[in-house]
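Position 1 is the first residue of the sequence; numbering continues from there.
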Amino acid sequence: MTTSSPSAPPQPTGRQRGALRLAALLAAGIGALAWLGRSADPAAKPLPAGPLTLGAAIAFTGNANLYGQDQRMGLAVAERWAQQAGAPPRPVRLQLEDGASDEPSAIAAFNLLIRQGVIALIGPTLSQQAFAADPIAQRQGVPVVAPSNTAQGIPEIGHFISRVSAQSSVIAPLSLDEALRRDPSIKRVAVFYAQDDAYSTAEVAIFQKALAARGLTPVTVQRTQLADNDFQTPITSALPLNPQLVVLSVQAVAGGNLIRQLRELGYRGQIVVGNGLNTPNIYPICQRWCDGILIAQAYSPELNTPINRRFLQLFQQAHGDRPPPQITAQAFTAYQVLFEAIQRLERKGGLAGVTLGQARTNLMTELLSGTYDTPLGPIGFSPGGEVLQDRFYVAEVRMAPGGRDGRFALVRERTLTEIQGQESKP
């Protein structure tokens, strides 16, 4: 019996050999591009030994720049506070970018700062922007501390997202309680809110829930737009219903105009406003008509603690005797908690011999585990990034003679324990 030798495998044709070479070249090119992408990613590189950079994307332009002005002052004061505290274990520098007042600008600012290798981000200014930009930071593992995003669901965007701005569900009802304390006979309430703004739609739902819990059903709910400045139509629809209380959940420019037009068209009852009007930049807009509005706040210049006294001193050295706004105090606090977390992490060795990506992860863990003595009072964070704060306030706007300037005068202070105890009562 004979056996035949195995036949040689068929040889590729010239065309097949060319295709194989092309496939190999493509595979090598894809591999090289992937390697270049990894090498260009600052998160993959060793953490540099020098100062770390905090990025801040805040509104310098657009309607939200009224808040951005307050935030810029707070960050500048925070830098001076850090510089005057002595040489830190790890120096920190701040890089500002204009997040403007819309989502594309916030996204662009976040992307730019992340590519430039910041260790963490402060911002953006508006909740609407945060829902668009924060997922970018979350996907790339960059810690974010929001100084002014109060809408429900911000920390839930992801593990790397936190805020020092107390959520509206805690604060907003406090100003309603003050209005009802002043006039227990109130039964008729008109509500105005911006239906195309994430902050306003979230806060107005909280206001309406709080009104229902107090036995009040709005006689009208008027929907406006972010860009509106003329409110004659919704106001003239609401006033014939004889509201005794008006509740506003809008942003600063619109809110200032809405208050002014309400008064000019004859409304004389109480006005409760949401966090969107928590800036003295509304005074030139609504002028003398701002007088008497009630607003709940997460900050009071009258808090008598060493860190708040220092904050006040530094602010007034730069800006005169006027008290700092809440949004300024929150921006200061956002910088402060990141700065202090970086110094603790440096002392523990969590920034030694790691990549920028690992340093960001270590910083987020350290940030959430710490407690902080801030101008807002003592704060911490839940494991999910929600601020844990105990002191809150209700203020009344009191305009100066001439109606061009004013102040948020403290009228009531509440603790979280008191608030929760009141809510638990049947």
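For the pair Arg404 and Tyr283, the cation-pi criterion (under 6.0 Å, within 45° of the ring axis) is not fulfilled.
For the residue pair Pro173 and Ser168, the shortest heavy atom distance occurs at CD-O, 3.8 Å. The two residues Gly99 and Ser105 have their closest heavy-atom pair at O-CB, 3.3 Å. Minimum interatomic distance between Tyr267 and Leu239 (heavy atoms only, all atoms of both residues): CB-CD2, 3.8 Å. Residues Asp134 and Pro124 come closest through the heavy atom pair OD1-CD, 3.7 Å. Closest non-hydrogen pair, Gln330 versus Ser165, comes out as NE2-CA, 3.5 Å. Nearest heavy atom pair, residue Leu126 against residue Ser101, reads CD1-O, 3.7 Å.
Surrounding CG of Asn63 are at most 12 heavy atoms belonging to other residues, nucleotides or ligands under 6.0 Å away. Around the CD atom of Gln84, the shell of radius 6.0 Å holds more than 12 heavy atoms that belong to other residues, nucleotides or ligands.
In this structure a side-chain-to-backbone donor-acceptor pair under 3.5 Å is present from Gln287 to Pro284. The backbone N or O of Lys187 sits less than 3.5 Å from a side-chain atom of Gln244, completing a donor-acceptor pair. A side-chain donor-acceptor contact under 3.5 Å links Ser200 to the backbone of Ser249. Remark: the backbone N or O of Thr305 is not paired with any side-chain donor or acceptor of Asn308 at under 3.5 angstrom. Looking only at distances, a side-chain donor or acceptor of Asp98 sits under 3.5 Å from a matching main-chain atom of Phe60. Side chain of Thr361 to backbone of Gly357: a donor-acceptor contact under 3.5 angstrom is found. Proximity of a side-chain donor or acceptor of Asn257 to a complementary backbone N or O of Asn229 within less than 3.5 Å is not detected. The backbone N or O of Phe231 sits less than 3.5 Å from a side-chain atom of Gln261, completing a donor-acceptor pair. Between the Asp196 side chain and the Gln225 main chain, no donor and acceptor come within less than 3.5 Å of each other. Checking side-chain atoms of Gln389 against main-chain N and O of Ala298 turns up a donor-acceptor pair under 3.5 Å.
Between Ile186 and Gln270, the closest side-chain pair of non-hydrogen atoms falls below 4.5 Å. Side-chain contact check for Tyr193 versus Phe207: every heavy-atom pair is 4.5 Å or farther apart. When side chains are defined from C-beta on, Glu302 does not count as touching Asn304, because their heavy atoms never get closer than 4.5 Å. Using a 4.5 Å heavy-atom cutoff, the side chains of Leu356 and Lys45 are not in contact. Using a 4.5 Å cut-off on side-chain heavy atoms (C-beta onward), Ile58 and Arg72 make contact. Considering only heavy atoms from C-beta on, Asn281 comes within 4.5 Å of Asp70 through its side chain. Side-chain contact between Thr224 and Val250: present, with at least one pair of heavy atoms (C-beta onward) separated by less than 4.5 Å. Between Leu248 and Ile259, some side-chain heavy-atom pair lies under the 4.5 Å cut-off.
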query: Is there a ring-ring contact (aromatic ring centres under 6.0 Å, His included) between Trp81 and Phe332 once you walk through the steps?
result: CA-CA 9 Å; Trp81 164 80; Phe332 177 100; 5.5 Å; yes
query: Step by step, would you call Thr333 with Tyr299 a side chain to side chain contact (heavy atoms under 4.5 Å, CB included)?
result: CA-CA 11 Å; Thr333 299; Tyr299 170 71; over 6 Å; no
task: Could you please spell out the steps behind the side chain to side chain contact (heavy atoms under 4.5 Å, CB included) verdict for Val144 and Phe160?
output: CA-CA 6 Å; Val144 174; Phe160 284 91; 5.9 Å; no
field: Candidate pair Thr125 and Gln71, rule side chain to side chain donor-acceptor pair (under 3.5 Å), full reasoning
entry: CA-CA 8 Å; Thr125 296; Gln71 291 177 323; 2.7 Å; yes
query: Should Ile327 and Gln69 be marked as a side chain to side chain contact (heavy atoms under 4.5 Å, CB included) after you check the CA-CA gap, both sets of side-chain angles, and the distance that decides it?
result: CA-CA 9 Å; Ile327 294 174; Gln69 293 170 28; over 6 Å; no
task: Decide yes or no on side chain to side chain contact (heavy atoms under 4.5 Å, CB included) for Asn275 and Gln297, but give the supporting numbers first.
output: CA-CA 7 Å; Asn275 195 58; Gln297 299 185 310; over 6 Å; no
- request: Start with the C-alpha gap between Arg347 and Glu366, add the side-chain angles, then the distance that decides, and say whether salt bridge (charged side-chain N to carboxylate O under 4.0 Å, His left out) holds.
  value: CA-CA 12 Å; Arg347 294 186 188 99; Glu366 185 64 39; over 6 Å; no
- request: Dump the intermediate steps for side chain to side chain donor-acceptor pair (under 3.5 Å) on Gln152 and Gln167, then the final yes or no.
  value: CA-CA 7 Å; Gln152 183 177 358; Gln167 58 184 325; over 6 Å; no
task: Please test Arg214 against Asp177 for salt bridge (charged side-chain N to carboxylate O under 4.0 Å, His left out), starting from the C-alpha separation and ending with a verdict.
output: CA-CA 9 Å; Arg214 290 150 181 80; Asp177 289 338; 2.6 Å; yes
message: Before you tell me yes or no, could you show the steps for Gln316 and Asp321 under side chain to side chain donor-acceptor pair (under 3.5 Å), namely the whole-Å CA-CA distance, both residues' side-chain angles and the distance that decides it to 0.1 Å?
response: CA-CA 5 Å; Gln316 291 175 343; Asp321 291 336; 5.4 Å; no
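Arg412 and Glu396 are not joined by a salt bridge, as no carboxylate oxygen comes within less than 4.0 angstrom of a charged side-chain nitrogen.
Note that the CD1 atom of Ile114 and the CD atom of Gln140 stand 4.5 Å from one another [nearest 0.5 Å]. Once rounded to the nearest 0.5 Å, the distance linking NZ of Lys348 with CD of Glu346 reads 12.5 Å. In this structure, the separation between NE2 on His319 and CE on Met73 is 5.5 Å, given to the nearest 0.5 Å. To the nearest 0.5 angstrom, Leu54 atom CG is 10.5 Å from Leu113 atom CG. Rounded to the nearest 0.5 Å, atoms CG (Leu258) and CZ (Arg263) are 11.0 Å apart. In this structure, Gln326 CD and Leu376 CG are separated by 7.5 Å, a value rounded to the nearest 0.5 Å.
For the residue pair Arg80 and Gln83, no side-chain donor N or O sits within less than 3.5 Å of a side-chain acceptor on the partner. A donor-acceptor pair shorter than 3.5 Å can be found between the side chains of Gln116 and Gln95. For the 3.5 Å distance criterion, the side chains of Gln336 and Glu340 qualify, holding a donor opposite an acceptor.
Among Leu52, Val337, Leu367, the single residue meeting the side chain to side chain contact (heavy atoms under 4.5 Å, CB included) criterion with Ile342 is Leu52.
Aromatic ring pairs are classed by plane angle as parallel below 30°, tilted from 30° to 60° and perpendicular above 60°; the pair Phe315 and Phe311 is tilted.
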